[in-house]
Amino acid sequence: MPTPKHGTKPEPSKHPLRNKRAFQNALIRWFETHGKDYPWRQTTDPWAILVSEIMLQQTQVSTVLGNQENHARGGHFARFIALYPCPRAMAEASEQEILKAWEGLGYYRRARNLHAAARAITHEYNGVFPLSHDLILALPGIGPYTAGAVSSFAYNDAQAIVDANVARVFSRLFDFQERIDTGRGQKQLWQWARELVSNSNPRAYNSALMELGQTHCSNRSPDCMLCPVRHFCQSSKPESLPVKKAATKATRTTEHALFCQDAHSRILLSKEPEGKRREGMWHLPRRQQSDTQDLPVTLSTKYTITRYQVTLHIHRCHPDAVTLESHDQWHTIETLENLPMPSPDRRALEHLIQEAQA
DNA sequence: CAGACGTGGGT
DNA sequence: TACCCAAGTCT
């Protein structure tokens, strides 16, 4: 149970909509002093901003920036932009190459949609990034949040945005006791967002709103004492907001996979077919439990994918005894390093290869 | 509208 | 450990 530091309100609450300009100014002034200096805030190139926004969908800043090793090289974002500095560069790349560049970020459909968007910009707009919010919104993988974010951050257009941060900030600011994960709730949030967006500096205002949700107005323990808009906040129990349906708990499942190495040290992998989860990604071949029960387990590991908590048992298997299925293929250790692979399989494989070579 | 879709960090 | 959840979108 978090202890909110909301408590004292030095002066009567000012309603944000009745004091709109004051609210915007307080937020923007705070951001200009305390805002963080992310790589995507150092550019107004709509392509770079789009790439950052797609990467940041349901993904924390620290993940996009990467661990310290990645961070030194600029993280996923800088590496991706270096690889694909413009839509045309990405349009010309293969899907496998792009998935590999996306490896570790998850939600791989985002990478395929971004590829499709890059091709659309290249071929339908002759490589020129669309200038209007509505044309941006029409691109694949871009919804109302991302269209508003790109329009405001790249073009300084006064477009509203509502993401998880903004939803939390507004639910507290307006003491919104209804669920936010419904059509009604979303409609209300977007209305407030449109009413409050700054016309004079939408770029800074939108950045500030999101940054506030990440810092003072965070999920677990809101820190209201130093909040730049505390005088506008209508909520006396900010830690209880926003209201939404409880997440469904993870279901536990078990998977069985093969670690099969032939006489040339090649390893058997399987490519996920079209229409399946993690389409286009390579992984250790999965098998029914009945097909692996006589094979020794060489490694067991756990991972979470969406709402499943998976225990993965990897069985060692003789190359002569294996029955190849339609998407199975042998790969040398050198080539498999360039294959797009989900993190759990990548980690397990690294461990097993290291073990085999020791 | 509910559920699917990945992963790593925080508590 | 176990669970929550984060710069959403699509079906």
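Reckoned from all heavy atoms, side chains included, excluding hydrogens, waters and symmetry mates. First the proteins, then the strands, lettered A, B, ... as listed; each starts at 1.
- Within the 4.0 Å cut-off from OP1 or OP2 of B/dT11, not a single side-chain nitrogen or oxygen of A/Arg220 is found.
- Nucleotides B/dA4 and C/dC4, compared at atom P, are 16 Å apart to the nearest Å.
- Checked for salt-bridge contact, A/Glu272 and A/Arg277 miss the test: no charged N lies under 4.0 Å from a carboxylate O.
- Using a 4.0 Å cut-off between a side-chain N of Lys or Arg and a carboxylate O of Asp or Glu, A/Glu325 and A/Arg287 qualify as a salt bridge.
- Not one side-chain nitrogen or oxygen of A/Arg277 sits closer than 4.0 Å to the OP1 or OP2 atom of B/dT7.
- Between A/Lys244 and B/dA2 there is no side-chain N or O to OP1 or OP2 distance below 4.0 Å.
- Side-chain N/O atoms of A/Ser343 include one lying less than 4.0 angstrom from OP1 or OP2 on B/dG8.
- The residue A/Gln214 sits close to a base: some heavy atom pair falls under 4.0 Å.
- One finds a salt bridge joining A/Arg286 and A/Asp345 here, because a Lys/Arg side-chain nitrogen approaches an Asp/Glu carboxylate oxygen to under 4.0 Å.
- Going from the P atom of B/dG6 to that of C/dT11 covers 14 Å, rounded to whole Å.
- For A/Arg307, a side-chain nitrogen or oxygen approaches OP1 or OP2 of B/dA4 to under 4.0 Å.
- Side-chain nitrogen and oxygen atoms of A/Arg278 include at least one within less than 4.0 Å of the OP1 or OP2 phosphate oxygen of B/dT7.
- Between A/Arg220 and A/Glu239, no side-chain nitrogen of the basic residue sits less than 4.0 Å from a carboxylate oxygen of the acidic one, so the salt-bridge criterion is not met.
- When heavy atoms are screened at a 4.0 angstrom cut-off, A/Gly213 is found touching no nucleic acid atom at all.
- At the phosphate of B/dG8, neither OP1 nor OP2 sits under 4.0 Å from any side-chain N or O atom of A/Arg346.
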Show each protein N/O and nucleotides 8-11 of chain C N/O combination with a separation under 3.5 Å, one pair to a line.
from   : atom 1 : to       : atom 2 : distance (Å)
C/dG8  : OP1    : A/Ala164 : N      : 3.3
C/dG8  : OP2    : A/Gln58  : N      : 2.6
C/dG8  : OP2    : A/Gln58  : NE2    : 2.9
C/dG8  : O5'    : A/Gln58  : N      : 3.4
C/dG8  : N7     : A/Gln58  : NE2    : 3.4
C/dT9  : OP1    : A/Gly143 : N      : 2.7
C/dT9  : OP1    : A/Gly143 : O      : 3.2
C/dT9  : OP1    : A/Thr146 : N      : 3.0
C/dT9  : OP1    : A/Thr146 : OG1    : 2.8
C/dT9  : OP2    : A/Tyr145 : N      : 3.4
C/dT9  : O2     : A/Arg109 : NH2    : 3.0
C/dC10 : OP1    : A/Gly141 : N      : 2.8

